[in-house]
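As structure tokens, the structure follows; a few thoughts come after it.
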Amino acid sequence: MKFLRQFAIILFVSFLGEILHILIPLPVPASVYGLLLMFTALCTGILKQEQVREAADFLIEIMPVMFIPAAAGLLDAWPVLQAIWIPVILITVVTTVLVMVVTGRVTQHMIRRKDRKEHDHAELPD
């Protein structure tokens with residue numbers, strides 16, 4: 001029952017992302033709206049991590065399986081991609097490296113900020 005509740009919460013947030021996608025005329029995918037809503041809800045405390053943790057861990061574990069249909073679709077699209085495969089691979093590699101660098105820098109910044117905050121709280125007199 002716990003997993004069903006957690007999946008229902010995640011699906012509800014995704015549904016709200018779909019609604020925002022319909023209501024807001026921006027070229028932003030509904031999944032991005034859903035991610036922003038989930039992030040905001042977790043950061044503000046509206047949702048606690050414990051309320052979605054197990055279902056989210058499960059979804060992350062099975063994520064590679066979700067790429068199989070996309071890979072099969074690439075095989076079907078090979079005649080179209082054959083003429084442009086070098087630029088596609090180059091763009092893929094460059095953007096992957098860029099995302100990794102930005103993600104690493106943001107993570108380092110957040111860790112340093114957390115460490116500074118903990119250090120500042122430790123120095124406060126009682």
Hey, quick one: are [X] and [Y] part of the same hydrophobic cluster, counting side-chain heavy atoms closer than 4.5 Å, chains of contacts allowed?
X: Ile84; Y: Ile91; result: no
X: Ile46; Y: Phe15; result: no
X: Leu35; Y: Ile10; result: no
X: Val28; Y: Phe39; result: no
X: Ile24; Y: Ile22; result: no

Euclidean distance, [Y] [atom2] relative to [X] [atom1], rounded to 0.5 Å:
X: Leu4; Y: Ile9; atom1: CG; atom2: CD1; value: 11.5 Å
X: Arg5; Y: Glu54; atom1: CZ; atom2: CD; value: 10.0 Å
X: Gln6; Y: Asp57; atom1: CD; atom2: CG; value: 9.0 Å
X: Leu47; Y: Phe12; atom1: CG; atom2: CZ; value: 10.0 Å

*asked:* Test side chain to side chain contact (heavy atoms under 4.5 Å, CB included) on Arg53 and Glu50; report intermediate values, then the result.
replied: CA-CA 5 Å; Arg53 182 183 302 273; Glu50 297 77 34; 4.2 Å; yes
Backbone of [Y] reached by a side-chain donor or acceptor of [X] within 3.5 Å:
X: His21; Y: Tyr33; result: no
X: Thr103; Y: Met100; result: no
X: Gln51; Y: Lys48; result: yes
X: Glu18; Y: Ala30; result: no

*Might you confirm whether atom CD of Gln49 has over 12 heavy atoms from other residues, nucleotides or ligands at distances under 6.0 Å?*
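Not more than 12 within 6.0 Å, no.
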*When you look at CH2 of Trp85, are more than 12 heavy atoms from neighbouring residues, nucleotides or ligands closer to it than 6.0 Å?*
no
*Could you tell me how the ring of Phe58 sits relative to the ring of Phe7: parallel (under 30°), tilted (30 to 60°) or perpendicular (over 60°)?*
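Because their plane-to-plane angle is over 60°, the rings of Phe58 and Phe7 count as perpendicular.
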_Smallest separation among heavy atoms of Thr44 and Ala41, with atom names_ =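 Closest heavy-atom pair between Thr44 and Ala41: OG1-O, 3.4 Å.
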_So which atom in Val13 and which in Gly34 form the shortest heavy-atom distance, rounded to 0.1 Å?_
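It is CG1-O, 3.4 Å.
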*Flag side-chain contact, heavy atom, 4.5 Å: Ile111 against Asp115*: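 Sidechains of Asp115 and Ile111: in contact.
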*Please test Val93 against Ile89 for side chain to side chain contact (heavy atoms under 4.5 Å, CB included), starting from the C-alpha separation and ending with a verdict.*
CA-CA 6 Å; Val93 169; Ile89 289 177; 4.3 Å; yes
_Verdict with supporting geometry, Leu59 and Met63, side chain to side chain contact (heavy atoms under 4.5 Å, CB included)_ = CA-CA 6 Å; Leu59 291 171; Met63 192 185 324; over 6 Å; no
